[in-house]
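These notes concern the structure reproduced below.
Just so it is clear, the model here is predicted, and its values are computed rather than measured. Read the numbers this way: they start at 1 and go in the same order the structure lists the ligands and their atoms.
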Amino acid sequence: MQHSTGILVVGQVARDLVLGIEGMPEGGGSAEVRERREMLGGKGANQAVGLIQLGASVRMLGVVGDDETDSFVLEQARADGIDVEHVIRRGTTALLLDIVEADGTRRLFEDVPESALLTADDIRAHESAFDGVDTVILQLQQPTDALLAAAELARDRGIRLVLDGAIEGPERDRLLGLADVLRADATEASILTGVELGSRDDAKRAAIELLAKGPSLVAVAVPGQGDLVVWDGGEVFTPLGDEEVVDPTGAGDAFVAGLVTGLRAGHGQQHSAELAHAAAGATVTRLGGRPDLTGLR
Ligand SMILES: Nc1ncnc2c1ncn2[C@@H]1O[C@H](COP(=O)(O)OP(=O)(O)O)[C@@H](O)[C@H]1O
Ligand SMILES: [Mg+2]
């Protein structure tokens with residue numbers, strides 16, 4: 001039994017299969033797999049694992065399958081210290097196949113069954129998951145009505161709301177209006193704002209536009225350059241580190257874990273952005289999306 005829970009992560013729990021190969025074969029050809037990893041994955045679980053490694057208590061609200069084979073995922077989550085009391089069992093667990101070439105090029109194949117997505121009813125049925133948490137992280141790859149239900153619960157309870165990703169459609173601004181923090185990669189930031197992010201200036205423009213919609217802090221990636229964190233009264237740009245990129249998967253999730261850890265500790269925006277950057281940098285050196293942030297504690 002956990003007595004105090006700090007963070008609720010609402011989002012994806014998946015089975016992750018990572019294959020490292022020299023290079024992609026031609027159609028009809030085959031390639032030898034040099035490295036294979038099967039593990040707990042999905043953006044939600046990866047963020048939860050990163051947050052725990054950085055010292056937080058984390059509860060998850062997500063879905064895993066109800067098969068015997070799906071229990072592996074839940075067991076792994078439990079072993080990682082995630083409070084899984086509100087992880088729903090039904091259908092088949094989402095499967096993510098991450099194929100990574102020796103030069104770091106990755107291809108992600110996502111099988112996310114309908115049943116693996118959260119519904120607004122799921123959120124309402126698990127309202128008690130919001131008890132005792134100070135921060136809710138919502139991954140926006142879930143259905144909009146579920147996102148709104150979770151965001152409104154967080155707002156009603158005065159819980160800090162962190163959004164990761166992008167949504168399209170008429171409810172976008174309503175959701176952004178409920179958020180305290182938003183993190184988006186370059187593609188997600190363009191979906192949210194219509195601004196093509198090629199430069200740091202573009203990122204600044206997108207971030208300012210997003211800040212005006214509600215969040216008090218916005219982090220956006222500038223492709224190939226780094227990350228820009230902007231808040232009312234300040235900004236910090238962290239250029240990409242020079243670590244060898246083995247696999248970029250999950251670096252954004254680690255970034256969120258670092259950012260949230262810093263903000264919760266009251267370390268200020270600048271320091272939080274630097275911790276986020278360090279967490280992302282530590283994750284690109286690893287195969288698969290699972291972080292190892294223990295060295296950053
Ligand atoms: N060498 C690096 N050092 C620090 N941050 C990095 C490095 N390489 C990539 N990043 C950051 O990692 C993040 C990847 O984000 P994203 O595409 O959302 O990943 P995912 O969704 O797979 O977690 C970006 O914010 C990017 O700037
Ligand atoms: Mg991302």
Side-chain angles (χ1 to χ4, degrees), residues 9-14 16-18 37 39-51 53 94 96-100 103-110 112 137-142 147 162-167 181-192 197-200 202-204 206-207 210 217-230 235-262 272-293 295-296:
V9 177
V10 180
Q12 191 183 56
V13 192
D16 231 351
L17 175 58
V18 186
R37 301 226 183 122
M39 55 198 166
L40 169 70
K43 311 184 76 57
N46 286 338
Q47 289 183 11
V49 167
L51 288 159
Q53 290 167 343
L96 306 177
L97 172 61
D98 182 18
I99 298 184
V100 186
D103 68 359
T105 307
R106 71 134 183 200
R107 289 177 179 79
L108 186 62
F109 300 82
E110 302 178 273
V112 183
I137 305 178
L138 260 188
Q139 273 120 43
L140 302 186
Q141 294 79 4
Q142 302 289 329
L147 295 174
V162 179
L163 305 182
D164 172 43
I167 68 161
V181 175
L182 169 75
R183 193 263 160 187
D185 67 22
T187 309
E188 292 159 348
S190 328
I191 292 171
L192 287 166
L197 269 71
S199 67
R200 195 176 146 174
D202 298 334
K204 176 80 182 277
L210 291 165
L217 182 138
V218 169
V220 290
V222 188
Q225 295 183 43
D227 292 274
L228 182 67
V229 177
V230 185
E235 68 177 81
V236 49
F237 178 74
T238 47
L240 296 187
D242 52 12
E243 45 275 282
E244 191 202 350
V245 178
V246 173
D247 179 4
T249 307
D253 299 322
F255 187 97
V256 171
L259 188 66
V260 167
T261 300
S272 303
E274 283 160 8
L275 183 56
H277 165 75
T283 305
V284 297
T285 62
R286 297 166 56 81
L287 196 60
R290 183 186 170 84
D292 181 359
L293 308 182
L296 298 176

* Report the part of Val284 (side chain from C-beta onward, or backbone N, CA, C, O) that has a heavy atom under 4.0 Å from ligand 1; answer both or neither where that applies. => side chain

* Does any N or O in the side chain of Gln12 come within less than 3.5 Å of the main-chain N or O of Gln141, such that one atom is a donor and the other an acceptor? -> no

* Asked: Any chance CG of Asp103 has more than 12 other-residue heavy atoms, nucleotides or ligands included, within less than 6.0 Å?
  -> yes

* Asked: Can you tell me the protein heavy atom closest to atom 1 (N) of ligand 1 and the distance?
  -> Glu243 OE2, 3.0 Å

* Asked: Is it the side chain (CB and beyond), the backbone, both or neither of Glu188 that lies under 4.0 Å from ligand 1, heavy atoms counted?
  -> neither

* Asked: Which protein heavy atom lies closest to atom 27 (O) of ligand 1, and at what distance to 0.1 Å?
  -> Asp227 OD2, 2.5 Å

* Indicate yes or no: at least one non-hydrogen side-chain atom of Val256 is less than 4.5 angstrom from one of Gln139. => no

* Are any non-hydrogen side-chain atoms of Leu51 and Thr261 less than 4.5 angstrom apart? -> yes

* Asked: Could you give the distance from CG (Asp164) to CD (Gln47), rounded to the nearest 0.5 Å?
  -> 5.0 Å

* Would you check whether Lys43 reaches within less than 4.0 Å of ligand 1, judged by its heavy atoms? => yes

* **Enumerated ligand 1 atoms positioned under 4.0 Å from heavy atoms of Ala280** => 5 (N), 11 (C), 12 (O)

* Asked: Counting heavy atoms only, which of Gly258, Gly252, Ala186, Gly104 comes nearest to atom 16 (P) of ligand 1?
  -> Gly252

* Asked: How far is atom 22 (O) of ligand 1 from its nearest protein heavy atom, and which residue and atom is that?
  -> Gly250 N, 2.9 Å

* Asked: What part of Glu244, side chain from CB on, backbone N/CA/C/O, both or neither, has a heavy atom under 4.0 Å from ligand 1?
  -> neither

* Which segment of Ala221 sits under 4.0 Å of ligand 1 when only heavy atoms are counted -> side chain

* To do: Indicate yes or no: at least one non-hydrogen side-chain atom of Glu235 is less than 4.5 angstrom from one of Arg200.
  => yes

* **Separation between CG of Leu163 and CD of Glu188, rounded to the nearest 0.5 Å** => 11.0 Å

* Show which atoms of ligand 1 fall inside a sub-4.0 Å distance from at least one heavy-atom site of Leu240. => 5 (N), 6 (C), 7 (C), 8 (N), 9 (C), 10 (N), 27 (O)

* Asked: What's the spacing between Thr285 OG1 and Glu243 CD if we round to 0.5 Å?
  -> 7.0 Å

* Nearest to atom 18 (O) of ligand 1, what protein heavy atom do you find, and at what distance? -> Arg183 NH1, 2.8 Å

* **Polar proximity ligand 1 side, Thr249 side, N/O cut 3.5 Å exclusive** => no

* Those atoms of ligand 1 less than 4.0 Å from some heavy atom in Asp185 -> 17 (O), 18 (O)

* Asked: Among protein heavy atoms, which lies nearest atom 12 (O) of ligand 1, and at what distance?
  -> Ala251 CB, 3.2 Å

* Asked: Do Val284 and Leu240 have side chains that get closer than 4.5 Å, going by heavy atoms?
  -> no

* Test of proximity, Gly241 against ligand 1: N or O pairs below 3.5 Å -> yes

* Would you say the side chain of Phe237 lies within less than 4.5 Å of the side chain of Lys204, judging by non-hydrogen atoms? -> no

* Enumerate the atoms of ligand 1 whose separation from the nearest heavy atom of Asp253 is less than 4.0 angstrom. => 23 (O)

* **Minimum heavy-atom distance between Ile167 and Ile191, given as atom pair plus value** => O-CG2, 4.2 Å

* Asked: If you measure every N/O of Asp242 against every N/O of ligand 1, is any gap under 3.5 Å?
  -> no

